[in-house]
Number of protein chains: 2
Amino acid sequence: MTSAGKPDWNGCPTRYAAAIVGDKWCFLLLRDVLLHGKRTYREFLASPEGISTNILANRLAKLEALGMFTREPDPRKASSVCYFPTQKAKDFLPALVTMMVWATQYDDVTEAPASFAASYADDPAGTIAWYEAEIDRVDQALRRG
Amino acid sequence: MTSAGKPDWNGCPTRYAAAIVGDKWCFLLLRDVLLHGKRTYREFLASPEGISTNILANRLAKLEALGMFTREPDPRKASSVCYFPTQKAKDFLPALVTMMVWATQYDDVTEAPASFAASYADDPAGTIAWYEAEIDRVDQALRRG
DNA sequence: ACAAAACACTTGCAATATGCAAGCACACAA
DNA sequence: TTGTGTGCTTGCATATTGCAAGTGTTTTGT
């Protein structure tokens, strides 16, 4: 919040998005949760970018505070913890997928299959719905224990 | 580049996007150019976020190196400089607009008019086309001098 | 012609954030 | 009871940032 009591983004939607996405590690954690089905501290730590433990703890707290993740005990093992995406995070999927399509177009060493951009071009809503279904599948399986 | 000669994003489209967008200042400069018609150092400096001069110079160089901006003499005044968005930057517009729609939905103090989200919901392609036309209008007027 | 202003940066330095390695508290397992 | 896995926290060296001031070049005004 600013001294006037207004939030840092001050009403600008781009700045609101920048507060969450305009940070490399938050952005990649969002990817891990929305696209790669990761939910635990250990899984995040294992990502190839190599986030360090203090930064990971800091960003998980930030994303929880921003209402993107919920922190819950792991149903499979009480001593462990899961971070689940909230509806707000899931609603970010279209933006994330749109960025992936753009990146796939301009990155000449992309690992994304050509079929990804093609399937998005053919049916954007369907492509996003597929990712949403994957997220729900992961979370429902996890919560069942 | 990594020691193996592969780029930092290493083929991951999200990481490719993160290299550009996963930085508050690059993200906001992209907004200024794509959405607010800003093209000069002075205009960027005047944004309410208050970027400092060294960071601005650093990020303009970065965005130029990444192929997002071109640096050209100002046709109105030879001593001044303009930064124009490349096609790559313009193609990022759908992602930026998608993020704005998301932010407008979740930011309860948004300054974005309700008509923005409504018009996007009604005609996404048309909304993006409108922004694209604005960019071209600004750039063509500028280059005419 | 000359002085002053504008412009796009650059530099120095203090404050903040990051990366790395180690340590810690707790739960569970053998 | 000894060890292992898990999710952190802490200390410290290094890197990045923000701020203020300065630099060199080009206009502008008189």
Side-chain angles (χ1 to χ4, degrees), chain A residues 1-3 8-10 15 18-29 32-33 37-66 68-85 142 145, chain B residues 1-3 8 10 15 18-29 32-33 38-66 68-85 142 145:
Chain A
M1 290 291 193
T2 63
S3 55
D8 290 336
W9 51 86
N10 212 41
R15 232 182 312 168
I20 291 174
V21 167
D23 173 272
K24 178 189 171 188
W25 294 121
C26 285
F27 192 85
L28 293 172
L29 286 173
D32 282 348
V33 165
K38 299 190 178 186
R39 296 291 181 271
T40 69
Y41 191 91
R42 291 281 144 179
E43 288 171 326
F44 300 136
L45 220 48
S47 290
E49 290 81 16
I51 190 170
S52 45
T53 57
N54 52 349
I55 303 297
L56 176 54
N58 176 273
R59 295 303 194 278
L60 287 171
K62 182 183 169 186
L63 286 163
E64 197 191 353
L66 286 167
M68 300 292 281
F69 292 173
T70 61
R71 187 181 183 280
E72 301 173 30
D74 190 328
R76 297 164 302 188
K77 195 196 278 187
S79 70
S80 189
V81 171
C82 280
Y83 290 89
F84 290 104
L142 248 179
Chain B
M1 290 291 193
T2 64
S3 56
D8 291 334
N10 212 42
R15 233 183 309 168
I20 292 174
V21 166
D23 173 89
K24 179 190 171 188
W25 295 120
C26 285
F27 192 85
L28 293 173
L29 286 173
D32 282 347
V33 164
K38 298 191 179 186
R39 295 293 180 272
T40 69
Y41 191 91
R42 291 279 145 179
E43 287 171 327
F44 300 138
L45 220 48
S47 289
E49 291 81 15
I51 190 171
S52 45
T53 57
N54 52 349
I55 303 298
L56 176 55
N58 176 273
R59 295 305 194 275
L60 286 172
K62 181 181 170 187
L63 286 163
E64 198 191 352
L66 287 166
M68 299 292 280
F69 292 173
T70 61
R71 187 182 183 278
E72 302 174 28
D74 190 329
R76 298 165 301 188
K77 196 195 277 186
S79 71
S80 190
V81 172
C82 280
Y83 292 88
F84 290 104
L142 247 179

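Protein chains get the first letters and strands the later ones, always in sequence-line order, with residue 1 at the start of each. It should be emphasised that the depicted structure is a prediction, and the values quoted were computed from it without experimental measurement.
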Chi angles and distances behind the side chain to side chain contact (heavy atoms under 4.5 Å, CB included) call for Val81(B), Arg71(B):
CA-CA 7 Å; Val81(B) 172; Arg71(B) 187 182 183 278; 3.6 Å; yes

Heavy-atom donor-acceptor pair, Tyr41(A) side chain to Thr53(A) backbone, under 3.5 Å
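Confirmed, Tyr41(A) side chain pairs with Thr53(A) backbone.
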
How many Å lie between [atom1] on [X] and [atom2] on [N], as a whole number?
X: Lys24(A); N: dA15(D); atom1: NZ; atom2: P; answer: 15 Å
X: Ile51(B); N: dC19(D); atom1: CD1; atom2: P; answer: 11 Å
X: Lys62(B); N: dT17(D); atom1: NZ; atom2: C1'; answer: 14 Å

Heavy atoms only: give me the nearest Cys82(B)-Thr40(B) pair and the separation to one decimal.
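Minimum heavy-atom separation between Cys82(B) and Thr40(B): SG-CG2, 4.2 Å.
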
Minimum heavy-atom distance Arg39(A)-Pro85(A), with the two atoms named:
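For Arg39(A) and Pro85(A), the tightest heavy-atom pair comes out as NE-CD, 3.7 Å.
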
How do Lys77(B) and Ser52(A) order along DNA chain C: which one's closest nucleotide is nearer the 5' end?
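Result of the comparison: Lys77(B).
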
Applying side-chain contact (heavy atoms from CB on, under 4.5 Å), can you list everything that pairs with Ser80(B), at least two apart in sequence or on another chain?
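Testing Ser80(B) for side-chain contact (heavy atoms from CB on, under 4.5 Å), a comparison that skips the adjacent residues, returns Asp74(B), Lys77(B).
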
Got a sec, which residues hit side-chain contact (heavy atoms from CB on, under 4.5 Å) with Glu49(A), two or more places apart in sequence or on another chain?
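Glu49(A): side-chain contact (heavy atoms from CB on, under 4.5 Å) contacts with Trp25(A), Leu28(A), Arg31(A), Ser47(A), Arg15(B).
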
I'd like to check the side-chain hydrogen bond (donor to acceptor under 3.5 Å, both in side chains) partners of Ser52(A); sequence neighbours left out, ordered by chain and number.
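Residues passing side-chain hydrogen bond (donor to acceptor under 3.5 Å, both in side chains) with Ser52(A): Asn54(A).
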
The criterion is side-chain hydrogen bond (donor to acceptor under 3.5 Å, both in side chains); which residues satisfy it with Thr70(A), sequence neighbours excluded?
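By the side-chain hydrogen bond (donor to acceptor under 3.5 Å, both in side chains) rule, Thr70(A) matches Glu72(A).
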
Where does the chain B footprint on DNA chain C start and end, counting 5' to 3' with a 4.0 Å heavy-atom cut-off?
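Listed 5' to 3', the contact boundaries are dC7(C) to dG12(C).
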
Please write out the pairs of protein N or O atoms and N or O atoms of nucleotides 7-10 of chain D separated by less than 3.5 Å, giving the distance to one decimal.
{"residue": "dG7(D)", "atom": "OP1", "partner": "Ser80(A)", "partner atom": "OG", "Å": "2.6"}
{"residue": "dG7(D)", "atom": "OP1", "partner": "Val81(A)", "partner atom": "N", "Å": "3.2"}
{"residue": "dG7(D)", "atom": "OP1", "partner": "Val81(A)", "partner atom": "O", "Å": "3.4"}
{"residue": "dG7(D)", "atom": "OP2", "partner": "Arg42(A)", "partner atom": "N", "Å": "3.4"}
{"residue": "dG7(D)", "atom": "N7", "partner": "Arg42(A)", "partner atom": "NH2", "Å": "3.0"}
{"residue": "dC8(D)", "atom": "OP1", "partner": "Arg71(A)", "partner atom": "NH2", "Å": "2.9"}
{"residue": "dC8(D)", "atom": "OP2", "partner": "Tyr83(A)", "partner atom": "OH", "Å": "2.5"}
{"residue": "dT9(D)", "atom": "O4", "partner": "Thr53(A)", "partner atom": "OG1", "Å": "2.7"}

